[in-house]
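None of the values given here were measured: they were computed from a predicted structure. Only heavy atoms go into these numbers, but all of them, side chains included; no hydrogens, no water, no symmetry mates.
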Amino acid sequence: MSATENTVDITDVPASNDKTIDPKIEDNEAKPVSYLGLFKYSTTLEKFMVIFGLIGAIAQGLTMPIMIEVMSDLINIFMNLVASVTIRNLIGIQDNDDLIVEFLNKATGGDQQALGSFLAQHPEIDINKLQNASQSFDASAYGEAFNVASLFMPSHDFWHQFRKYMLYLVIVAIVSFVGSFLMDAFLTVSSMRQVTTIRSLTFKSIIKQEIPWHEKTSPGELASRIISDTILIEEGIGFKLGMVVQSVVTFIACFVLAYKAGWKLSLAMSVIIPIILILVVGMAVVLRKYTKKTQDAYAELGGIAQEAFSQIRTIVSFGTEQKEIDRYVSKLKPTKKYGIIKGNAFGITLGLVFGVVFSSYSIAFIYGTHLIQDGEMQYGDVLSVFMGIMMGAMTFSGVGAMLSSFSEATGAAAKLFDIIEREPKIKLEGGLIPDKPTEGHIEFQDVRFNYPSRPDVEVLKGISFKCLPGQTVALVGASGSGKSTAVQLLERFYNKKSGRILIDGKDIEEYNVQWIRSQIGLVSQEPTLFDNSVAKNIAINSPNATQEQIEEAAKLANAHEFIQKLSNGYETSTGERGLQMSGGQKQRICIARALINNPKILLLDEATSALDNKSEKVVQAALDSAASGRTTLVIAHRLSTIKNADLIIVMEKGIIIESGTHDELMKMKKYYYNLVKNQEIKIKEDEKDPDSEAEDGDPDAIQQTQFVEPVTTTRRETTVLSRIASSISMSRRQTTGGLSEKSTHEASGKSYGLSDMEWKRYFNMNKPYWLTNLLGFIGALFNGAIQPAFAFIFSEALNTFTKQGDDLIDGGKFWGIMFIVLGVCNFFSFYFNMGGFFIAGEQLSYDLRKSMYNNMIRQEVGFFDTNDIGDGTEKAGGQGRGATTTSTGTLTAKLATEAGLVNGLNTNIGQVFQQIVTVVGGFGIAFYNGWKLTLILLIAVPFLFIGSFIRGKAIRNKNKENRAIFENSAKVATEAIISVKTVYSLNLSDYFINLYDEKLREPEKRLEHRAYISAIGTGFSNAVSFVAFIIGYWVGAKFIENGEIQFDNMFKVLMAIILTAMAVGQSSSIISETNKAVEAFLHVLEIIDRKPKIDARDTNGTTKSSEDFKADLEFSNIRFRYPSRPKVTVLRMGDKKINIPSGKMCAFVGASGSGKSTIIGLLPRWYDINHGSVKVDDVENKEYNIKWLRQQIGIVNQEPCLFNISIKENIKYGKLDATDEEIYEACKKANIHDFIMSLPEKYDTLVGGLGTSQMSGGQKQRIAIARAMIRNPKILLLDEATSALDAESELIVQKALEEASEGRTTITIAHRLSTIKNADLICVFREGRIIEMGNHEELMEKKGEYYNMVLAGDGSIASGNEIAKKDE
């Protein structure tokens, strides 16, 4: 196929395709959700629960108005009681009510004669005393038709009436209990269930979106959004909804009562309602706006943190902790500002609301007194109006704070529902599902494509080729030439722009996506494993596979042997993103995973790049045998692996420049020929027929017998056990596999209560905000005092209504002004209290987030491998109860939730303080006015708290469960979203959806059980206050009858106690909130206090001037185990030493998993060794100042870890103060400058996140090399630095690296031996031991391990080309 066939006239490509490119996600504003829309995903049962909950709320809402109604009737019969007691005292007869009635009838009958004879019969009646009293008695207050006789009520009549009212109150108490219980239980449970559904649906939708969508959102952001946004929704549709309905019902009912009692006065007082409404709505608008801003900022912060924790090794090596912290803090700053704005809005609005409410009482007094004087109303009616409007307005003003929850919930739901409803561009359902497997006929016809994220760069420019069933087609070419892109189009990760891709003659877009993926086995360049057992990883997309099938697949991939040597064989856990395995081991597991389903099409994207020569040879053989009978597309940079392909296609910049078989292309002596030439390695002694070496090709066969040194036999582990390969935890879980993970009962670490709180630290942390806190406390003090003061003023003021004429009017004026003063005070106290504490809380939580992140990012690398967030005593992975793994998902989850919860602690402490003042003030007034009655009422007080206590306990346990759900589910979500391409290619969407649901649903029953218990507490608290009233009235009536207390004193006692009880009743929620916050605060302290074992901030230690620092390295007698797997020895060098003189290059070679990368990690102190020494210039590396030491080292890893920031920023990681010239220079050295300049945004192009990077492996690797070069380090560590590159770039980069390592001490790990034959020293590793050392010539002469590796790696090409002479 000539090159010209490929060039298609670009001008005739239809232009209409631009519309398929989505703008950035952020620009698609989510549709707002209405409040009712929040219940969209509820089941019928949940809807019924909500309805029952609301019925409960309505019942509870009616209790207060009924109570007021009963009270005004009671006051009337108490008036009778008071009159009766007075008359008895006057007449002097205490125990003969019939006699008194008879006397009163005679006396008021006007028949003087009958009265006279009656008095003569009953000398016990003292007539003089009576006459004196009756002259001073002023009857006009009781209306015109006043009749003393009508006021007197015989004792038994009074108690009969009184009991009737008490019965009403008992019924009210029962209704209150049942209503509150229904409201709390059903609304809480239904909101929990709905939120679980929403979480599940959101995740389900995320994991079905097309790849371009994922490329635009960060996985950490998505995972933390699922958590934080659903918490807001749960708040908005749960208990708070009930509270609001209850308040609204109370409000309406109270107003109805008030209007019934006196419409004129009620109307006058209702002026305040529109004012309050305007205020509340205004506040809701402001809060909503800033809450959304804050949520977005936190979601982005989640993404940043997730990325930093996942790439902690890069950060540590380059010493850029501070830069990461600055990056985090710069995004965190605005949240503090938003918080302060929210605090002010909150404080001012609530202050105004309460101020207006109190001031409005003046209307009742000034206008009410006029109405009484004009005879339009009676004393009792004025009281009814007053109580009705007061209670109504009080409850209504409480709604304001709740309403913000609704707007927050709808705001949060908008984003999530948008995700749930988003239709993926590439749908997993629908399309053709053939009844037999594909034959494997693939054809590309003039396919063009550009990545949605870079619409103006065309990656494939019209490529066409065919691949017949059973054929192997290889794609070669420079990195970035579009090879992997072709593979990704076959997997339907993206849709092509134009042209056709056919499978079995039908367009690929006609087939069902999941069917296509099930027919294809993909092994990609960066192998991805899931945090699960090895067996589960292999069989992850064929759940019914038997152990035999799993082992069969593993044997095909040459993985069976090393898996058996792992600590737990097939049940060993692989760790998050497979971090516990070496690259080669991961890759072989991935190959086994691809083969287990026996796919008809095999796509190998650089499948062997991560392997050393020997494993590569074996895996290559495995792949060759696996490929037989399958259509195979291979992308390879090592050309030796593809010379037997049926067709080799050479690509450059998105077009095909050559194609043919190996021999045909070699004859053309063009591009391919040069590539091959560049890669060959000379083997001088080629006497042996290389093929006879094949039986040595299995590095694992010889192992067990050969090197059992006497040293080790005395130790517990046998060599096999210590087989390094195990970069695996000794079962980081007690049980095997991720699925049977121990139930989350004990999972979330310690739980704390108020008793554990470190108050001293807490107050110290608050010192910088002493002013706002002080204002808050002053506000709380006044707020607390206002309730009792109000009770006192109120009871005093009521006496005004009994006066006459001018006294009545003046009294009304005086008390009216008093209430206005109270209102103004209340505005300030509320603003100071709410605003002050809220703002202080925001500042504190900002500080805590900063410190948490600051400390997390400075922990040693081992911290991120283990779940050690405890007190710094390392725990073996799965020892004891409650050991769970930390995955970065849960660290970010902690950052997201804990600091935010602490936020409320200041406000809560203020509220507790306020309650104390209220209680002291209230009881003070009560004792002053009637100590006996108060003491009796005090008996009821403990019962008020029992309810709060039950509730608090249930809620505390619930928080712990919730924390576990969030962390475990976030972990699953993060893992799936990060590795989204792997998830798609293996059709694992459903597997992860089920796993996620399982983590969500597992604790559900326990949580619901707790919700019911907590609801009993709520019901109890609410009912108890009514019982207290019953006791109060009953005892009060007895006391008045016996003359032990005056009625107005009794009324004061009751008012004081009622208002105090109301205040305390609200505290039950405060207790649970405080508990939440305290627990969170202590969790935050755990993180802030953890001392890193290797602290980069430590200023101690030696530093040297650059002249004195030579960079001689020595590794001796090292024994090492990873902190996450303390039982597995990974390196054991015995008495061997590696000396690398300054400026020399040392190469480490050996099977994958033999400990090569581990040694490299010891030098910059990612880990510290358990035994032995690592010396630099004859000084232990621990003696040096760690930051300085790391600055002397440049590192390039096997998997290049770049951050989702611009290319320029990524390179500046190596040297923070680099100039643009230095950056360009470094990039030229790494051979990436031209590529970067060809991008539309050049050096400002974003790199992309972990799983969704928009660059090829080779491009990323070269950026990573540039990043290491710019430091100009004395020591260069290259861990497989060129494995991801194609032949041509490899050559250039290799040359760049060789030039770069001139004059530097270099350690390089390589699997391609051609790259290291010039090394000054080559160390051959096996199983954590060094078995050979020397340079290339010496080792070739030994004809030992290294010799065999060279033959294995290269014999094939050598014999193929008769060793074409290569210019030395």
Side-chain angles (χ1 to χ4, degrees), residues 1 6 8 17 20 208 210-212 424-449 459-475 482-524 541-542 593-605 607 623 626-635 645-649 651 654 656 659 981-989:
M1 178 188 297
N6 238 326
V8 175
N17 287 67
T20 55
K208 294 203 162 155
E210 72 278 9
I211 298 285
K425 297 255 163 46
I426 300 176
K427 289 199 183 53
L428 297 183
E429 296 78 31
L432 176 72
I433 302 184
D435 32 20
K436 61 181 200 304
T438 169
E439 292 162 14
H441 189 293
I442 304 175
E443 184 173 3
F444 275 59
Q445 297 180 348
D446 188 26
V447 175
R448 292 171 176 275
F449 174 71
V459 185
L460 294 181
K461 306 176 181 163
I463 62 167
S464 310
F465 64 85
K466 267 191 191 146
C467 188
L468 304 174
Q471 266 194 343
T472 299
V473 172
L475 300 172
K483 306 182 301 293
S484 297
T485 306
V487 168
Q488 301 198 25
L489 289 179
L490 265 180
E491 279 278 2
R492 291 291 311 277
F493 287 162
Y494 305 94
N495 281 336
K496 58 194 182 312
K497 193 163 108 183
S498 64
R500 297 174 73 198
I501 300 177
L502 306 180
I503 288 189
D504 294 352
K506 279 202 181 61
D507 194 306
I508 189 167
E509 297 188 12
E510 290 176 22
Y511 290 109
N512 171 290
V513 174
Q514 290 195 311
W515 180 81
I516 284 267
R517 289 177 184 162
S518 70
Q519 298 300 306
I520 297 178
L522 170 69
V523 182
S524 62
N541 59 344
S542 48
R593 180 175 69 191
L595 297 179
I596 193 165
N597 274 346
N598 195 10
K600 278 285 180 264
I601 300 176
L602 203 51
L603 305 179
L604 306 174
D605 182 353
L623 288 175
S628 60
R630 306 175 211 264
T631 308
T632 314
L633 259 184
V634 188
I635 294 179
D646 300 292
L647 175 64
I648 296 174
I649 294 173
M651 294 180 69
I656 295 177
S659 63
K981 283 186 176 168
T982 312
V983 171
Y984 285 1
S985 65
L986 295 169
N987 282 332
L988 292 183
S989 299

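No side-chain heavy atom of I649 sits under 4.5 Å from any side-chain heavy atom of K483. Within the 4.5 Å cutoff, the side chain of E491 has heavy atoms near those of the R517 side chain. For the pair L602/L595, a side-chain contact is recorded, criterion being any heavy-atom separation below 4.5 Å from C-beta on.
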Chi angles and distances behind the side-chain contact (heavy atoms from CB on, under 4.5 Å) call for I520, S985:
CA-CA 8 Å; I520 297 178; S985 65; over 6 Å; no
Verdict with supporting geometry, T438 and W515, side-chain contact (heavy atoms from CB on, under 4.5 Å)
CA-CA 10 Å; T438 169; W515 180 81; 3.8 Å; yes
Yes or no on side-chain contact (heavy atoms from CB on, under 4.5 Å) for K600 and D504, after CA distance, side-chain angles and deciding distance?
CA-CA 12 Å; K600 278 285 180 264; D504 294 352; over 6 Å; no
Before you tell me yes or no, could you show the steps for K466 and Q471 under side-chain hydrogen bond (donor to acceptor under 3.5 Å, both in side chains), namely the whole-Å CA-CA distance, both residues' side-chain angles and the distance that decides it to 0.1 Å?
CA-CA 10 Å; K466 267 191 191 146; Q471 266 194 343; over 6 Å; no
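Closest of all the heavy-atom pairs between S464 and D446 is OG-N, 2.8 Å. Pairing each heavy atom of G470 with each of D646, the nearest pair is O-OD2, 4.3 Å. Scanning all heavy atoms of the two residues, the minimum distance from M651 to I656 falls at CG-CG1, 4.3 Å. Minimum interatomic distance between G521 and P599 (heavy atoms only, all atoms of both residues): N-CB, 3.4 Å. Scanning both residues, V983 and S989, for their nearest heavy atoms gives CG1-N, 3.8 Å. Heavy-atom minimum distance, G482 versus V459: CA-CG1, 4.2 Å.
Interatomic distance, CG of N987 versus OG of S518, reported as 6.0 Å (0.5 Å rounding). Taking CG of L468 as the reference point, atom CD of E443 lies at 9.0 Å (rounded to 0.5 Å). Within the model, atoms CD of Q519 and CG of N597 stand 9.5 Å from one another, a figure rounded to the nearest 0.5 Å. A distance of 11.0 Å separates CG in L502 from CD in E509, rounded to the nearest 0.5 Å. Rounded to the nearest 0.5 Å, atoms CG (L604) and CD1 (I635) are 9.0 Å apart. Between L490 atom CG and K496 atom NZ the span is 10.5 Å, to the nearest 0.5 Å.
Between F444 and F465, the two ring planes are parallel [angle under 30°; tilted spans 30° to 60°].
Of the possible donor and acceptor atoms, none in the side chain of Y494 sits under 3.5 Å from a partner among the backbone N and O of F449.
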